[in-house]
Amino acid sequence: MAVCVSVIGKENSPLYIWVGNGKEELHLHYLAHTALDVIQEKVSAVNKTPGDTRELYLGLLYASEEYKVFGYTTNTRIKFVIITDAANTTLRDNEIRMMFRRLHNMYTNVVCNPFYVPGEQITSREFDKGVGALVAGN
Amino acid sequence: MSRQSMRSNDPKKVSGELFTLTYGSLVAQLLKDYENVDDVNRQLERMGYNIGMRLIEDFLARANPGRCYDLRDTADKIQQAFKLYLGVSPSIGSWSPGGDEFSVVLETNPLAEFVELPDHCLSLRYSNILAGVIPPISHLRILAHLPRERWKSLLTGLRKDIECSSIVYSHLEVEKGMFNE
Amino acid sequence: MAEEAMFDFIHMEAVSYVFQGGEKLAEDEAVSKLEHMGFATGYRLVERLTRESGRYKDELDIMKYICKDLWVTVYKKQIDNLRTNHQGVYVLHDNRFRFLSHMATGKQYLQYAPRYLAFTCGLVRGCLANLGVTCVVTAEVTQLPACKFQIQVQRG
Amino acid sequence: MRSSVSVILSNPPPDTTMSYPDYCTNPHHHQTLLVLVRQVGSQLKSRSFQKLYERISRVGHVKVSDSNGSQRPVWVTYRREYPVENNDWGDFQTHRRVLGIITIGQVGSQSDLNDICKQHESLKVKYSSTLYDSRCIILGLNPDGTIYEADSRNPSRGTSPEPNGGIDGGSHPPTINGHAQSTHIKKISAGSTDRDSGVYETVSSEDKPTDSDSHSESPQGMSEGMMDLKIDTNHVNGSDSGSESTSEVGCCDDSKMDSPRDSAVDSAPDSAHDTSQSSISTSASQSSRLSLQPPSNFKTRALFYPTSEHAVNIESQLQEFVSSLFWVLESKRLDKSQEKLERPPLLCAPFERKDFIGLDMDSRTNKKRCVGRLRKQLADLTLQAGLPTEAIVHYSHAADTLRNCNDWLWLAACFEGLCAASVVMLYPNLRRSFGLQRYSSLGVGGNQGGSGGIGNRSRNGAVNTNSLPTGLDPIIVKQTSKHCLSPDDIIDKYREAIVHYSKYRNAGVVETEASIKAVHVLIEQKRYLMAAEFLSNVVFINLQLSDEEKIARFNALADLYHQIGFHRKASFFRRVAAMRCVAPQNQQPDWGQCYRLLLQTLEGYKISLDPLEFRKDGSQGWPALQVQILQELVGTSRRMGQNALCTRHQAFLVCAMLPHLSESERKETANMLESLSARSGSGPAPLVVQDTGVIIPAVNFLNIPICRSVRVQPPAVGRKAEKKLSQEAEEDTGPFIFSPFSSLTSNTQRAQGKMDFDWVEGDVCEVILDLENPMPFELKVTSMMLITEGAQFESWTSTVVLKAERGPQPVTLRGRPQGAGELKITGYSSTVMGVSSNCRLKFIPHMKIPFYTINVVSALPFIQILTANSNTGSLGSERAVSEESGNLHLSLSAGETQECSVVLHNISSQPVEEISIALESKMDKTLLSQVFQYSEENIQAQLPIQPGGKASVTLYVYASSDFLCPSRMMDESLETSSLVSGSEPPSLVSGGPSSLPSRQSVATSSTRGARTRRTDSSASLLSSRSGSSVRSGSSSSTQAPSSTARTRTTLNTSACTGRTLEATMQVKYSGGSGLLADYCRSTQVTVTVDVTPSLLVTRWDVLPAELPHQCYVVLDLLNCATHEMDLHYTPTKHILIEAGDSCRVPIPIDRCPLATLTQNGSDSESGWGWSSVLGNHVASLVELRWTQGPCDTPGRASLTGITFPPATHDLITMAPIHWDVQVDGQDVVGGTENTGVVGRTLELCVGVTNTSGAPLPPLSLRLTAFQDHQNGTLNYRLDAKMTTTGATKLTTPQLAEGEEFRHCCGLVFFTAGVYKVEVTCSPAAAVTQTSFYENITPAHQHAWKFAPPLEITVTDA
């Protein structure tokens, strides 16, 4: 399933990062980070290009030899990046979309916790569990 | 453009959330104002009481509930009220042999839906406001209190049920109890 | 609709708490507390509400959202009139604002009106802030229960 | 878009491919002529080459009017080097051909010249396959070929070469010869062009033997060129006439040339002109010099310039060169367009050749292929020749043919050309922006601020809704729309081309370049996402590259990504490049480059090496990555041996990344920093990275430790400087001028950081910082000191150790102001982990106040107060008084006096020039002045007190006390009771003489009064006669029990248990410069005096004395001290009183003269007013002195405040009259014995003289005789015993002042015995209330007696 799930704040700094395997960690960080370029471009492109590209799900941002990077942005300028193994061809676009949906819901729940200060690192146990389930694909 | 999808999500639920969120910010504010958590608990209960006072009128107006003769009726009405106002129906149970004590158990606590209590105020009884609400709506001198440990378990998000237990009902005033026209 | 009632109640409680509750506060400090509560609520609420909707393409789009969807969600009615000077000032007219509706019409309680607007100002500001529009929201009542909210967007 | 990545990745391409992709390529290159510019020879400095190269590359565009007169734009690309492999691709894409070569060299000698020429020629050979023409620019030679000496020419040159050129070119050798040569060589070049082409033909004929005629032509061409050059040199050496002729020849020679060329010659005539006349002027000067000969085989047009400055005409030269190139190109184009070969040659890309070997060329498809390819090449040429529209047509036709025969490679090339042509038309400005972007991207490299690149991009990013791409104006579209591709088509074609390329593993470079071109177009179209796609495709293309080529590649990618605004991606590749530089498999790792590249990545990771900057957008960025980059920076700089940089980066890492570092990370980073800084301490100065001007700003540890608050300390109380205040102000301002208010005012004042107190120059001042240590270990902060502005301040370093992760810990920083004025505390400097930093308050987060201001007062002296009471010890045993406020504690017995000296020790370096001492106390002023006394003058006399000097003030302390028993105000009743007891029998028994008679008796009944008078008088006489202390002592002792008992009772009732007197001695002093600024200091000594009770006057009374002008004040004295006291109550008399005893002493005093009464008492109404006057009178006369205790401490008491009841007033005051009594004519004085005989008449005369100051109203005079039975009874009934002749009661007339009234009467006694006569006179009833009496006495019965009453002893005859 996914090898990296990251929630990125309004200011493009990570609020939460889950990485599948430890040794790849930094590399995945780089992927997620560079993905922001594409996200920004896509978001700003909305205004220019006609047609309805307003979906929160931004689709495949780019693919490297071994990974695929998908993006999603909320109306509140929060970005989600999910990185999957390029080898994993079984994954449908729709499944990815659903993963993002779930991630988004979990994130909103975190924000709705009156004790969470928006913009801070996400430390919620609930969220952790949620992401765990998400990447486990159930 | 998926404006419609917005509408799609249940307005009942939404305004429930609105209430929940507002309550959340209120609690947060209280925590900021009082350094002592127990004060917050007290304040919450007080607010609950005030709300109860207003709510009872509203309740009488809306669901014109019949007169009730004993504590069991009272319990039913409480159940009814929760259903109406919080959209959740608690289960009434664990009656004391004396029949003067029972528990209102919320399977899901809309108030605490998103709450994860920070470690520094675990002693906070987040939903204490409910404890405050119940006495006035049941015109009985009843002492509704929420056992601490239950709260912990609830608020650390392990269990989403509130248990408003051991409503000790001091003396029989049922005839001039709640909801008498 | 009972949930609304709960919202009204909690709001009233908040107001009364801030004003005569606890330690006596200066009026403006109290108002700012309310405003802040509103902000926190709005910020979170909008996070939930906009989950389903598509991306907003511009400021006006967002404002429309506030006037329609948000208002309906919170106050069960739409904003009656939205005006803008296209330089970042938007004025939202609500001819019968819910929090004021329970107050006797006329001038009598006019001076208390601000108390019942502060929360909403915060709410709107919170929503907008989270949607990436930083602004100042002020409210004004001339004739109960009508009131208008002015949104001054901070550019740059 | 790739067809099959994997295939290409699998097996590496063979080496026949061109290995050198040009990452700066751009569609417009298709349109340009490629010229190679090379530095030759060893002499030329690369700088001057660089200069020339820039000048040359500015000539990138030349307009040439073609045969049919229309203007043709000709574009040139200059390259410094160009691999021959690429050149081989010239058939494939003609813009890859090197058409011209320009070499630049410097000569100092013939050998240099030879060398240069050789190199040039070899270059020509190298590129001979494509070369059209070449130039050789040679510096260091005069036009005539003689060596140019800088020094000799300097003056003329120094003045200004180009003005010369401007004013008259004639006088300017280089220009002349430049032109002279140009004319000649124009001929040559003109001649040689076809020959060069011939050369070209011949060379190319190697692989294409079809050509024939060229062989014949080429040799003579060679020879001619050679010969010409010879002539040229010859005539330059020889006479100028020759030059003219040859130039003529040149011209006519030119004119002979065929049509396309003459246009090029247009420029010739004018140049020819000035040469003709100018050359004359110069020739003479140069004739003498020896000149260098280019080697014989050097067949190139050389341009001689003394220096690059002289090469003023180089632009025109280039223009000419370029146009010559153009003409060759044009001619070839025309040939190609005209020729109709039935067996067209097959053009190939280098790697194709072998594939076609043995291929049947006549097959239909191959024919087609050849045609198509030829057409394509034609298109290329056309495009280069500046006819894009035609080019497009050719391309599209070629495309069709090629597609039919599935010639993918060339089809791709065709598409590329098509795109290029379209781009040329649609985006003419792409050429410019291209250069500009590269520039900007470099700029970005330079400063991580990255102003240029992002600037552009962000602007591009802005909404641009018009459908036409920028730089495309509708007109062009209309006219070109025919075949010209639309913006979208361009991209599609590029994509298609790339797809095709990707099928050939050898076309990697071409593919790469195509992608890059596409990217440039997309950038122009602002379609960045797609651009990104193309770029990522580039990444996939697998090329066999050397390490530095790889690096170059990643760099290029980074630049491109930067241009499309993907800064993160850009940084990513930049970093990859950087890592490449030092990759383990890399043989010679280049840490320097790695470092520079890393610096360029920072922007993309939102790292600004300025901590302040960084904190501002701290929320942005990706901590994990930031940390890594920084660590890499650290590592790299360490490998570079740049310890300072290394430390700086590590410091930044610790400082800026602190929030994101885990506890363990904090530990290790800190340790590392310490070890690094140990190697090279890092100061707070910015560092400059050499050979990139990058400045690494200082890292100041604002957050390690965190400064929570700054507390500026006021000086110690005693050291406080006060404004010298005017006297009246001084009253209300106590020692603590600020204490009550500062608390209020300070808040507001702190707000602006203005301190409400002053510091004093030269004093040690303190500031307390509350520091918090965020690190998980004990933090040692060394050399911590204040940073100040304004007044000079010497701040002292201090070292502190902060506990791990502990909340605010106060740290005191000290210093000493060196000058007066406003002092600003703007921050503090510290050294943490070996990194010293200056922490400005204004930069410290959550620090409200940017700086604190304190006013520094110029230096003031400081005195320490020492006190010693001189009785106990002299100055020897001074005891220092605690600095801020001295205390002096004395315990004295009431009435005791002690003098203590207060020593002012000036322990400062300033002289004390002014002192004022004031006593402050709750006591009322009079008492104060009574208790404490010192001499102001004495102090002033001792000024100034020099530094180290001392001055002493003697303070006299008198333990004043109220010696009168508080019960003195006893009303009459009480008094009587006590007096009654006083005249009780027991007391009489116990020694009548000292018993006190009832005053009432005196006042009321004269008879009893008489009796008392006698007894008491006897007592007094007795005491006076034998006034031995023993006697009275015994008497007192005998009386002791009762009296003591009595006094005890009084003691209990009265509060005579002693008291405490307290006062502060306020010393204000100033001196030195502080005085001028009129400031002063004040210190104080608190003097406390515990007064132990000593003597107490429990009761008092007044008795008449023997002498009429005197009276006795009788006191009951109680010794409440703990020691026996020896009391002196009159100068002569003294008495010992045991501790606790009391005794009664009579003190004779002069009565109060009426005068004083009338003066002082006149105003008083009541008797009490009087009594106070009298009291004072008595007090002034009576002084009790004593010595007591082991060391005979002296003491004195006064009766101040004593008062007397009215009844006693007449006793105290002088009588207004004087008595003059005679018995039988002989005067009677107090106590004289008179004798009479029974039956015989005694004559008694009484004279009354008015001694008062005023006339006396009538008085009633009375003579009363009586007998005293000595048992307290007086017998006034003497009718049986005597009789009187004459009146015994009569009224005197008004007596004028000094007037006397006499009255005589006779006394006859019947029986013997002792008789007494009382003579009294009192105001006559009638006139009692006349003003006079009112004046002098209260309204009560006055009576003045003749005392003592006269006594007559009668004996029987």
Side-chain angles (χ1 to χ4, degrees), chain A residues 4 6-19 22 24-51 53 58-69 71 77-79 81 86-87 117-121 123, chain D residues 2 5-6 9 457-458 460-467 522 525-533 535-537 539-540 542 557-558 561-562 564-576 579 601 604-606 616-629 631-632 659-660:
Chain A
C4 173
S6 61
V7 180
I8 299 153
K10 292 175 190 288
E11 297 301 329
N12 295 326
S13 59
L15 298 180
Y16 180 93
I17 307 176
W18 175 89
V19 173
E24 279 290 291
E25 174 160 12
L26 213 47
H27 180 52
L28 291 168
H29 274 273
Y30 277 110
L31 289 181
H33 182 243
T34 44
L36 286 173
D37 284 329
V38 189
I39 292 181
Q40 270 184 343
E41 193 51 43
K42 286 203 171 203
V43 171
S44 65
V46 169
N47 307 335
K48 294 178 222 139
T49 61
T53 56
L58 299 175
L60 177 67
L61 298 180
Y62 70 93
S64 79
E65 312 243 336
E66 60 275 16
Y67 295 115
K68 289 211 190 95
V69 184
R77 306 282 196 283
I78 303 295
K79 297 117 194 149
V81 171
V117 180
E120 279 185 356
Q121 296 289 316
T123 57
Chain D
R2 297 198 53 75
V5 184
S6 48
L9 298 181
R457 168 61 175 84
S458 54
N460 299 355
V463 188
N464 176 332
T465 43
N466 78 15
S467 55
L522 283 165
Q525 295 180 352
K526 302 187 173 38
R527 293 158 71 181
Y528 303 106
L529 277 172
M530 200 172 288
E533 278 178 43
L535 275 178
S536 48
N537 177 56
V539 181
F540 282 119
N542 156 293
L557 284 170
Y561 270 116
H562 194 94
I564 65 172
F566 282 26
H567 302 303
R568 298 178 183 83
K569 200 82 169 165
S571 296
F572 175 79
F573 279 109
R574 194 81 66 189
R575 180 174 164 280
V576 173
M579 291 302 109
T601 64
Y605 295 103
K606 294 273 190 298
K616 276 203 227 82
D617 51 11
S619 57
Q620 309 185 1
W622 202 288
L625 303 184
Q626 288 172 330
V627 170
Q628 199 202 15
I629 293 295
Q631 281 166 342
E632 283 165 353
H660 306 292

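Chain naming here is simple, since letters A, B, ... match the order of the sequence lines and numbering starts at 1 in each. What you see is a predicted model, and the numbers here were worked out from it, not measured in a lab.
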*Write down the atom of A/Ser13, the atom of D/Gly621, and the distance for their closest heavy-atom approach.*
CB-O, 2.9 Å
*Hey, what do you get for NE2 (A/His33) to CZ (D/Phe572), rounding to the nearest 0.5 Å?*
11.0 Å
_Separation between CD of A/Gln40 and CZ of D/Phe566, rounded to the nearest 0.5 Å_ = 9.0 Å
*Test item: D/Tyr528 and A/Asp37 side chains (from C-beta on) under 4.5 Å apart, heavy atoms*: no
*Heavy-atom distance under 4.5 Å to chain D: side chain of A/Ala35, backbone, both or neither?*
neither
*Parallel, tilted or perpendicular: which describes the rings of A/His29 and D/Trp622, with under 30° parallel and over 60° perpendicular?*
perpendicular
*Please name all residues satisfying ring-ring contact (aromatic ring centres under 6.0 Å, His included) with A/Tyr62, sequence neighbours left out, ordered by chain then number.*
none
*Is the closest side-chain heavy-atom distance between D/Ser536 and A/Ser64 below 4.5 Å?*
no
*Sequence-distant partners of D/Gln628, side-chain contact (heavy atoms from CB on, under 4.5 Å), two or more places apart*: A/Leu26, A/Tyr30, D/Arg575, D/Glu632
_Is there a side-chain contact between D/Arg568 and A/Asn12 in this structure, where contact means two heavy atoms from C-beta onward sitting under 4.5 Å apart?_
yes
